[in-house]
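Take a look at the structure below.
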2 protein chains.
Amino acid sequence: MTARRKEFPTAEELRIWRDFIETTEALRAELAARLQRESSLSPGDYAVLLALREAEGRRLRSSELAARVGWERSRLSHQIGRMERRGLIRREECVTDSRGAEVVLTPEGAQAFRNASLPHLRAVRELFVAALTPDQLVAAQQITTALRNHLTALDT
Amino acid sequence: MTARRKEFPTAEELRIWRDFIETTEALRAELAARLQRESSLSPGDYAVLLALREAEGRRLRSSELAARVGWERSRLSHQIGRMERRGLIRREECVTDSRGAEVVLTPEGAQAFRNASLPHLRAVRELFVAALTPDQLVAAQQITTALRNHLTALDT
DNA sequence: TCCTTCTTGTTGACACGTCAATCATATGCG
DNA sequence: CGCATATGATTGACGTGTCAACAAGAAGGA
């Protein structure tokens, strides 16, 4: 009998998949909840503030910011709108390209990031790093790399 | 000099964390996009249909359904509302408890699940299982378990 | 220049998730 | 019984994410 190319996951593989995706989701949710509790920031807020904090002049073109956080422009636009209403960032017109917008970190935004940063790092350590042995951490990295490579290989 | 209890992740650990969370998120998004394309179902739809499909009489008390998919009742209520509008499920009053509601799988819902099931399993295999070596799959399981145990240990 | 085409960014509609409030019914205790 | 409390479920408000449509300026060639 000929070996047929495998098409479906086994029950065991499926179970591993479900546990994996549910656990990562629970992890994400717990991190988000803590960030919200301790700093009144969403993960999106944090990502944007971090990118601006590390940017030259604490400002970025909208597209560049989208690229750095890895979002579509539309998503960023909504996010920026909400953050501007709360005073965390400010929009400015771009001098070199009148279509463009620049996103600028406000003092309030910088302060919010400072307040959030250490508790957030602590949480990452407590919920992720401290949960794994050094070997497991290495394995996690390798698995991540394998998944990502596989994923990006597919959409080309 | 005394050893101080480690409080923050190293830059390396932080990088691993960020890659990990971003990759699992990308994976989740790709699975969701395929499910949507191929079957016009969201992951939430799929989870609910699956739970009902496996339930005695293809019906469940609302609370029980929420427990099986691991959601809050509120979230389920919204989801059920959307699915009922599309005819995938139906709400019925509960005989034994007049506060209660039962969620019933409709023929349309059952059909939608059948259509979605195989393509979804194929996608899980293609995007997750096939990306990893057997060793990595085992490692993924162990990491998942470690993370979950750690997580549940904390909120007690 | 004029016209097409690309890029930048915004908007609106809608699905989704969380939280707090609400409502009705069940339950348990005096 | 009568009342406080718990439970089952829904709702509304709001933040978030995706998608498609759009507006307006930039770029580049005929």
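Small disclaimer: the values here were computed from a predicted structure and weren't measured. Letters A, B, ... are given to chains in the order of the sequence lines, protein chains preceding strands, and every chain is numbered from 1.
- Rounded to whole angstrom, the span from the CZ atom of A:Arg75 across to the C1' atom of D:dT16 amounts to 8 Å.
- The CG atom of A:Leu60 sits 14 Å away from the P atom of C:dT8 (whole-angstrom rounding).
- At a cut-off of 3.5 angstrom, the base of C:dT11 holds no donor-acceptor pair with the side chain of A:Ser77.
- Considering only side-chain atoms of B:Arg82, the nucleotide from D:dT10, C:dC16, C:dG9 that sits closest is C:dC16.
- Within 4.0 Å (heavy atoms only), A:Ser42 reaches sugar-phosphate atoms of the nucleic acid but no base atom.
- A:Ser74 contributes no side-chain N or O that forms a donor-acceptor pair with the base of C:dT10 under 3.5 Å.
- Here D:dG25 is the nucleotide among D:dG25, D:dT18, C:dT10 with the atom lying nearest to any side-chain atom of A:Ser98.
- When rounded to the nearest whole Å, the span between CD of A:Glu72 and C1' of D:dC19 equals 8 Å.
- Summarising the geometry, the separation between CD on A:Glu22 and P on C:dG17 is reported as 13 Å, rounded to the nearest angstrom.
- Between B:Met83 atom CE and C:dC14 atom P the separation is 20 Å, expressed in whole Å.
- Rounded to whole Å, the distance from CD on A:Glu102 to P on C:dT8 is 14 Å.
- Atom CD of B:Glu93 has 12 or fewer neighbouring heavy atoms from other residues, nucleotides or ligands inside a 6.0 Å radius.
- Position along DNA chain C of the nearest nucleotide to A:Ser63 versus B:Arg99 favours A:Ser63 as the more 5'-ward residue.
- Between B:Phe128 and A:Phe20, the angle of the ring planes lies from 30° to 60°, which puts this pair in the tilted group.
- When distances are taken from the side chain of A:Arg61 to each of C:dG17, C:dG9, C:dG12, the shortest belongs to C:dG9.
- B:Asp45 and B:Gln79 share a side-chain donor-acceptor pair at under 3.5 Å.
- Atom CG of A:Leu76 and atom P of C:dT8 are 13 Å apart (whole Å).
- For B:Asp97, counting side-chain heavy atoms from C-beta on, the closest listed nucleotide (C:dC16, C:dG12, D:dG8) is D:dG8.
- Inspection of the A:Glu12 and A:Thr10 side chains reveals no N or O donor paired with an N or O acceptor under 3.5 Å.
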Before giving the answer on side-chain hydrogen bond (donor to acceptor under 3.5 Å, both in side chains), spell out for B:Arg148 and A:Thr23 the whole-Å C-alpha distance, their side-chain angles and the decisive distance to 0.1 Å. CA-CA 6 Å; B:Arg148 178 172 288 293; A:Thr23 299; 3.2 Å; yes

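- Nucleic acid contact class of B:Arg91 (heavy atoms, under 4.0 Å, all strands): sugar-phosphate only.
- With hydrogens and angles ignored, a donor-acceptor pair under 3.5 angstrom links the side chain of B:Arg73 to the base of D:dG8.
- A donor-acceptor contact under 3.5 angstrom links the side-chain atoms of B:His78 to the base of D:dG12.
- In this structure, CD1 of B:Ile80 is placed 15 Å from P of C:dA15, rounded to the nearest angstrom.
- Nearer the 5' end of DNA chain D, as judged by each residue's closest nucleotide, is the contact made by A:Arg85, out of B:Glu25 and A:Arg85.
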